[in-house]
Visitor: 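Before I ask anything, here is the structure I am working with.
Proteins get letters first, then strands, A, B, ... in listed order; numbering begins at 1 in each. In this text the structure is predicted, and so the values were computed from the model without any measurement.
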Protein chains: 4
Amino acid sequence: MIKAAVIGGSGYTGSELARILCRHPEISLEAMTSRQNAGVPVSKVLPTLKGFTDLTFEAQLSEAGDYDLVFLATPHGASMAIAPGLLARGIKVIDLSGDYRLSDPQCYAKWYGHPHTDLDGLSKAVFGMAELNRDAIARAGLVANPGCYPTCSVLPLAPLFAGKLVEPKVIIDAKSGTSGAGAEPTKATHHPDCGSSIIPYKVVGHRHTPEIKMALESVAGQAMGVVFTPHLLPIVRGMLTTSYVTLKKDMSKDEIAKVYDSYYSGRRFVRRVGIPSIPATVGSNFAEVGFELADMGTVVVMGALDNLMKGAAGQAVQNANIMFGLDEAVGLDYPGLGV
Amino acid sequence: MIKAAVIGGSGYTGSELARILCRHPEISLEAMTSRQNAGVPVSKVLPTLKGFTDLTFEAQLSEAGDYDLVFLATPHGASMAIAPGLLARGIKVIDLSGDYRLSDPQCYAKWYGHPHTDLDGLSKAVFGMAELNRDAIARAGLVANPGCYPTCSVLPLAPLFAGKLVEPKVIIDAKSGTSGAGAEPTKATHHPDCGSSIIPYKVVGHRHTPEIKMALESVAGQAMGVVFTPHLLPIVRGMLTTSYVTLKKDMSKDEIAKVYDSYYSGRRFVRRVGIPSIPATVGSNFAEVGFELADMGTVVVMGALDNLMKGAAGQAVQNANIMFGLDEAVGLDYPGLGV
Amino acid sequence: MIKAAVIGGSGYTGSELARILCRHPEISLEAMTSRQNAGVPVSKVLPTLKGFTDLTFEAQLSEAGDYDLVFLATPHGASMAIAPGLLARGIKVIDLSGDYRLSDPQCYAKWYGHPHTDLDGLSKAVFGMAELNRDAIARAGLVANPGCYPTCSVLPLAPLFAGKLVEPKVIIDAKSGTSGAGAEPTKATHHPDCGSSIIPYKVVGHRHTPEIKMALESVAGQAMGVVFTPHLLPIVRGMLTTSYVTLKKDMSKDEIAKVYDSYYSGRRFVRRVGIPSIPATVGSNFAEVGFELADMGTVVVMGALDNLMKGAAGQAVQNANIMFGLDEAVGLDYPGLGV
Amino acid sequence: MIKAAVIGGSGYTGSELARILCRHPEISLEAMTSRQNAGVPVSKVLPTLKGFTDLTFEAQLSEAGDYDLVFLATPHGASMAIAPGLLARGIKVIDLSGDYRLSDPQCYAKWYGHPHTDLDGLSKAVFGMAELNRDAIARAGLVANPGCYPTCSVLPLAPLFAGKLVEPKVIIDAKSGTSGAGAEPTKATHHPDCGSSIIPYKVVGHRHTPEIKMALESVAGQAMGVVFTPHLLPIVRGMLTTSYVTLKKDMSKDEIAKVYDSYYSGRRFVRRVGIPSIPATVGSNFAEVGFELADMGTVVVMGALDNLMKGAAGQAVQNANIMFGLDEAVGLDYPGLGV
């Protein structure tokens, strides 16, 4: 068994990791930390886990702990203070914050508002979009787990950019459930304000923009123009992106479909459909992708996933599987709720 | 024109008062206060009011202001510090907080956690449930505007208790939209927690319990047993109560219907229907009431209303109309959205 | 008083017309028809209107009725069979279906699947987007009331196209509440399917696409490329559009803001804000518009409105006001719910 | 492996069975029938199952099929025509319709509107509330899987009635997500009508009333008065009941808690908590129960579960496990989503 710990276990991402790992056949969850819940049984804070774990939240991870893998479900800025020490102990690290996602430290400093303090780690970190980067992930000691928006944006677009079939610019209109905002109450997620609306927010200023740009440029092998508009949806779990790209030359729907099917051939967790459906993915690690041809050579590209699963904790466990030489689907191979 | 001011104008209740008063033909909104928004135009904080009011929020009400009426949309505990001074200036006061609702100061102290500091005001305050108390309201200087739950509980039950047709005990299962919780973000109203659930809360400890009990005992003329269970609904506006009482002797549905129709004869804002509907009341001052006969002589009594309108600001304006000798429906006579 | 009738009064649009007209000071609602509810009091079918109207649904409009104005809240295809007879009787007509919106009969036949049978009416009909077409509406006998999506798309975009500031192509990502789908239950609006999701539908094939194109081309004075993607939102009332256009040359936010403010100067029902809000418009005839500047000279243009009000019945009444020489805001001048 | 088939596989209950069984380690799903989808691959109708099953829907179950177990996810009235033939072939049957739940055929005829045509089957059927009836289920050939409301009502109440601690009468105020209404669109589940409301329906007339009464009387060993009021909630999955019973003599919260903990000792799928939470159960077979003490010796008893899982398909699989001598949790032992 692979011995794992979760740092920052009482947020939504940390809880979701625990929910997955408690039934993972090859990874054993050995410790969870939470500053605010230190000393409290995990199943008291997360009643769904009663009967699934006997762990008690620790204030911080034991120096003596014998872990093979640590998931950092910590806030941006905190991870880069923790990761180097773990790596030095020979522990593999999967960081679910934004700290190691932007390979350019100046870009990091610009979007996160403070300089990066672990340039060595940053240079070695592998961007953990499992379907795009499997080989590098398999060899990585430190994986930067992608954001939910980048995952839901890049997976549906990658086949078109990888094949250089579309112009290097994209408009991404993204819609997220509120759980993406985290467990802390804010004005943005106050039900009377968001519960009967759809709210554009951080229009042109969301931190996931440079991450999407970096990932798409890496796929396309060229510079990319990205317009990214996130919206808050009045649902809890789930995310949908509707993206707009322009074909370089005419293609039929069938031809494009073949590009997708070939690109994702053999990949368990990306499913091509007509119109992606959030409920089909909820509770699972699956992403759905689909497209339509529109006016002016525009391809309308759509993607759906569960932001806490494929958009966060699920993909992190998928990455862990890859890092430890397991089948990527171990412990994750169950369908979405559908309804 | 009756000159009115609203103290505490940036919460949901205060905004709703402004929304109503800006198109009231007989009451003129002359001032609004808000500590946090002092100096800011009202229509900047409440964009829906752009073009409807030119007021700017004041930090506190001018001592020199010539008002006929002040609405207190202040937190519990604050109103009783403000009301006496206004009354001394000859200004009529409608308090939308809980400060003057419980006529017994010991009961107030028990449920609100601090002693009442305006016993004189408390002894003179009139409980402003407009359909039950019109004459006293018409003569009052200080009206305690009822809570949303008490309004939605008492209106549907009053005809049965007034006629002494049922045993003096009631179970009230109440369901409220989240706007009842106010404008301040909390864990309870965090969308990921409440947006896909119905949550029982303060199950035996809600402050509206003694208020309901007091109001029903006043209607029934005898002591009353009350079990009151509030639930938080994943909708923004609207409230439904389902209450259970026991007939003293057999009655037909028709006989009971006549009791209701007679009791509310001539009252504009209470409408008897088969099954009350929240959307039929949203955006309006109407309450819907209905009932069914069940096993064991039980009457299942239902009520629906818009918690910010008939459950708060709408009823406050209805009370203002009554206090100033206007028709109770002036400025409020429009139907709910329906859909 | 202007005497009006509504044909097709039991759908959402017809009911909303009745809801508005029952408190309109200059227009009197004299008749409503509904095949399925003929003979039933309107207030029995629409309980919110109890006390606001004494009308009974008629099977069809009396030949002898003395009406100044008839609203057609009929399905597509039915209006063009009814309108000519009314016009021949000297009655003004506002059609809320799609029958008279597309000025080109071949375009109509293509998108609606049957030929247009009233070419004369079609040639005379005025497209009733009140803020763009006021003078023509004032002189019209037959007004084609715009669709909800076109209204919510065109109003936010018109200032940029009218000023020829952006390239003649646009991507419109639109999100609508479910009431836009009408009162008839379908798989698309079955709550278990749509209640916890956002669903792209009729991607590239929605009938509002040519209507948007026609309206924008009319504003821009040139041919236009339009990509329009509608999504079904899990809310009942309200609509948001997020559109993407490209500036011809650099402009600052302030310069663009001035373009908007100048274009809509003096128009009561369009309000420029930072980020448009659905709840701020719900229950009202107001539309909110806003924009942000993004990468690649892209302007992200946003609009919000209540699809049953400004998107349907509200705009129809606004058009009626204009047709009869009233202030366009008569009977509509109240703010949105806000919360 | 136990060979199983599902009859009526394209409704919500049938799909949910497939979703569970496709990853059950001891039961193999060998066939699914659907009249409307005969000949279509299951994963085309239920995309979430792509990669989890290769079955194609059959019009009806093969006479020659070698099944150990058949789940009937058929409408009321259809099951009793199918079950006898299966039982005659030595196949165990779990019926998820209402056909075998009411042991009294006259009660069945009264509530379902037609006589029962399989009195022999009815006399042998075991009511499959797994926590109450395990031994009988273990020996049964035909199990009547309980309704969602009865499960969510009876589990939280059973400990108090079994211990004869409360009076033999109960008020049950129940709230259900819309998926309980099934996959067929109706006016009741039309999103514009139900999406921003809570709607009492079939007040005093719901078919689950006699089922609850029968189950509670069986637990209590005496006749029981039941008032049952269902409400439709604007969520998709999940159900909550709030029930009201009266203690025969004073008990403390601790004493009552011990009654619960003892009653459900060793039962995997019932979890006692303070306030039951729908999201804690969604996607799982767990039910949460809790209680509070209120005025007049009233115990407010609450329960929550996922209506498609513990309220339908999950409990059916739990029953299958028991019928075949497996641990009741096999294939069901995963936690709810929590968020």
Side-chain angles (χ1 to χ4, degrees), chain C residues 10-16 19 34 36-37 45-48 73 148 175-201 230-239 278-279 281-283 306-309 311-313 336-339, chain D residues 10-16 19 34 36-37 45-48 73 148 175-201 230-239 278-279 281-283 306-309 311-313 336-339:
Chain C
S10 54
Y12 290 152
T13 306
S15 324
E16 192 78 353
R19 201 175 65 82
S34 162
Q36 68 190 99
N37 292 306
V45 178
L46 307 169
T48 53
C148 47
K175 300 94 176 168
S176 174
T178 56
S179 58
E184 205 61 39
T186 63
K187 187 71 181 155
T189 56
H190 187 44
H191 187 283
D193 291 333
C194 68
S196 218
S197 192
I198 180 171
I199 305 177
Y201 70 102
H231 299 73
L232 192 68
L233 273 183
I235 67 172
V236 175
R237 261 187 200 246
M239 173 175 281
I278 287 175
T281 68
V282 164
D306 179 331
N307 54 299
L308 295 180
M309 288 290 296
L337 294 186
V339 173
Chain D
S10 55
Y12 291 151
T13 307
S15 324
E16 191 78 352
R19 201 175 65 82
S34 162
Q36 68 191 98
N37 292 305
V45 178
L46 307 169
T48 54
C148 48
K175 298 95 174 168
S176 174
T178 56
S179 58
E184 205 61 40
T186 62
K187 187 71 181 154
T189 56
H190 187 44
H191 188 282
D193 291 332
C194 69
S196 218
S197 191
I198 179 170
I199 306 176
Y201 69 103
H231 299 72
L232 193 68
L233 272 184
I235 66 172
V236 175
R237 262 187 201 246
M239 173 176 280
I278 286 175
T281 68
V282 165
D306 180 331
N307 55 299
L308 295 180
M309 288 290 296
L337 294 186
V339 174

Visitor: Does a donor on one side chain sit under 3.5 Å from an acceptor on the other, for His190(C) and Thr189(D)?
Guide: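 Judged by distance alone, the side chains do pair up.
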Visitor: Counting only heavy atoms closer than 4.5 Å, note whether Leu232(D) contacts chain C via side chain, backbone, both or neither.
Guide: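 When you check distances to chain C, no heavy atom of Leu232(D) falls under 4.5 Å.
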Visitor: Report the residues that fulfil side chain to side chain contact (heavy atoms under 4.5 Å, CB included) with Pro200(D), sequence neighbours left out, ordered by chain and then residue number.
Guide: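 Partners of Pro200(D) under the side chain to side chain contact (heavy atoms under 4.5 Å, CB included) test: Leu240(B), Ile275(B), Met302(B), Val203(D), His231(D).
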Visitor: Below 4.5 Å, heavy-atom pairs only: which of Gly180(D), Ser196(D), Ala183(D), Pro234(D) has the largest tally toward chain C?
Guide: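 Counting heavy-atom pairs under 4.5 Å, the top option is Ala183(D).
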Visitor: Given a strict heavy-atom distance threshold of 4.5 Å, which part of Thr186(C) is in contact with chain D: side chain, backbone, both, or neither?
Guide: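 The backbone, not the side chain.
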Visitor: List the atom of Gly182(C), the atom of Pro192(D), and the distance in Å for their closest heavy-atom pair.
Guide: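 Looking at all heavy atoms of both residues, the closest pair is O-CG, 4.4 Å.
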Visitor: Which salt bridge (Lys or Arg N to Asp or Glu O under 4.0 Å) pairs, counting each pair once, include a residue from residues 186-200 of chain D, with sequence neighbours left out?
Guide: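 Passing the test, one end in residues 186-200 of chain D: Lys187(D)-Asp193(D).
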